[in-house]
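Data first, discussion second: the structure below is written as structure tokens.
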Protein chains: 2
Amino acid sequence: MTDTDRLPQPAAADIDLVTVLHALGDPVRMTLLLSYADGAEHSCDPGGLGLEHLHKSTVSHHMRVLREAGVTTTRVAGRNRLVSLRRTDLDTRYPGLLDALLAAASS
Amino acid sequence: MTDTDRLPQPAAADIDLVTVLHALGDPVRMTLLLSYADGAEHSCDPGGLGLEHLHKSTVSHHMRVLREAGVTTTRVAGRNRLVSLRRTDLDTRYPGLLDALLAAASS
DNA sequence: GGGATGGGTGGATAATTGTCAAACAATCAC
DNA sequence: GTGATTGTTTGACAATTATCCACCCATCCC
């Protein structure tokens, strides 16, 4: 309920644009972003994300980059880590950016 | 007037989103983008771009990354290389993206 | 408790990248 | 032509990063 069950992430006001773009300037992480675009929470299973070719620790690394950039949030639920987009925080910090990115990525 | 006086760059249709984001995910290149946001042509002088601390070859390298990503175009004019934003091409390929990026970078 | 499951951690390694320096190339000014 | 100006290219080097592997750590289930 509180933040104690969330992995460390920057405050909304501390989300840095260049850091976000650096995080998204990678094909694997862009794939993850598109998976998260549905707004739902996703587990870290590489198979469920179209990343079967990558080792689970590699996927874990990419998820950490996204989270530390402020793009995603990770909630700890038992054995699972549930990752989702920080859509509200991103929209507040950089209005229109996420929509433009998702539209561009989907084209 | 033809393309012969322009340095190599991708066709508008070949501009790749992840490549663009990778190019902009660097503080120096984001600084360059903001300089180019006025739509004018700019020379490559590091001093005129707030990059006095960088060697001219380093700036040249960053400009190449931006150009090869499709973000900028470089026109050869005598000794000068005049760099400017590919605003129309970017707006056509990814509508709204450049505006959102520039708005975010200016905030 | 014991095993299985979902992920993270740390080390190793190879590839990429940011930076500078020195040399080069083309153009301009005289 | 001589020299100065404007950038690019190449090489070297350090830092970052993407990936895999082996191991660890919780948690869940029986």
Side-chain angles (χ1 to χ4, degrees), chain A residues 1 3-9 16 18-33 35-36 40-69 71-84, chain B residues 4-9 16 18-33 35-36 40-69 71-84:
Chain A
M1 197 58 204
D3 280 353
T4 53
D5 57 348
R6 294 205 174 259
L7 267 43
Q9 65 182 38
D16 174 67
V18 172
T19 305
V20 169
L21 298 184
H22 181 264
L24 297 181
D26 175 278
V28 172
R29 293 191 291 262
M30 182 55 72
T31 300
L32 289 173
L33 179 74
S35 296
Y36 301 151
E41 291 184 314
H42 293 258
S43 82
C44 301
D45 176 33
L49 297 163
L51 299 174
E52 304 82 358
H53 59 298
L54 290 180
H55 198 276
K56 59 178 180 172
S57 64
T58 301
V59 175
S60 179
H61 158 71
H62 286 296
M63 288 177 173
R64 177 204 275 242
V65 173
L66 286 174
R67 177 171 47 80
E68 293 182 343
V71 176
T72 58
T73 188
T74 301
R75 186 166 64 89
V76 177
R79 281 177 303 185
N80 296 316
R81 308 295 197 268
L82 297 177
V83 182
S84 55
Chain B
T4 53
D5 58 348
R6 293 205 174 260
L7 266 42
Q9 65 182 36
D16 175 67
V18 172
T19 305
V20 168
L21 299 183
H22 181 264
L24 297 181
D26 175 276
V28 172
R29 294 192 290 265
M30 181 56 71
T31 300
L32 288 173
L33 179 75
S35 296
Y36 301 151
E41 291 184 314
H42 293 258
S43 82
C44 301
D45 176 34
L49 296 163
L51 300 174
E52 303 82 358
H53 59 297
L54 289 179
H55 197 277
K56 59 180 180 173
S57 65
T58 301
V59 175
S60 180
H61 157 70
H62 286 298
M63 287 177 173
R64 180 205 276 248
V65 172
L66 286 173
R67 177 171 47 81
E68 292 182 343
V71 176
T72 58
T73 186
T74 301
R75 187 167 64 88
V76 177
R79 281 178 301 186
N80 296 315
R81 307 292 197 267
L82 297 177
V83 182
S84 55

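Note on naming: letters A, B, ... go to the chains in the order of the sequence lines (proteins, then strands), and numbering restarts at 1 for each one.
The interatomic distance linking A:N80 (CG) with C:dT5 (C1') rounds to 9 Å, in whole Å. Straight-line distance from the NE2 atom of B:H61 to the C1' atom of C:dT17: 6 Å, rounded to whole Å. Between B:R79 atom CZ and C:dC30 atom P the separation is 10 Å, expressed in whole Å. Atom CZ of B:R81 and atom P of C:dA25 are 14 Å apart (whole Å). One interatomic measurement links the two molecules: CG of B:L54 to C1' of C:dT17, which rounds to 14 Å at whole-angstrom precision. One can place NE2 of A:H55 at 11 Å from C1' of C:dG7, the figure rounded to the nearest angstrom.
Taking only side-chain nitrogens and oxygens, B:T58 comes nearer than 4.0 Å to OP1 or OP2 of C:dC20. Close to C:dG7, at under 4.0 Å from its OP1 or OP2, lies no side-chain N or O of A:R64. Taking only side-chain nitrogens and oxygens, B:S57 never comes nearer than 4.0 Å to OP1 or OP2 of C:dC20.
On the nucleic acid side, DNA chain D has its first and last nucleotide under 4.0 Å of a heavy atom of chain A at D:dT17 to D:dC28, going 5' to 3'.
Residues B:Q9 and B:T73 have side chains that bring a donor and an acceptor to within less than 3.5 angstrom of each other.
Toward the 5′ end of DNA chain C lies the nearest nucleotide of B:H62, the other residue of the pair B:K56 and B:H62 mapping further downstream.
Side-chain contact between B:D26 and B:H62 is present, with heavy atoms from C-beta onward closer than 4.5 Å. For the pair B:L82/B:V76, no side-chain contact is recorded, criterion being any heavy-atom separation below 4.5 Å from C-beta on. Residues B:T72 and B:S84 fail the side-chain proximity criterion, which asks for heavy atoms closer than 4.5 Å. Looking at B:L32 and B:M63, their side chains come closer than 4.5 Å, going by heavy atoms from C-beta outward.
The line from CZ of B:R6 to OG1 of B:T74 is 8.0 Å long, rounded to the nearest 0.5 Å.
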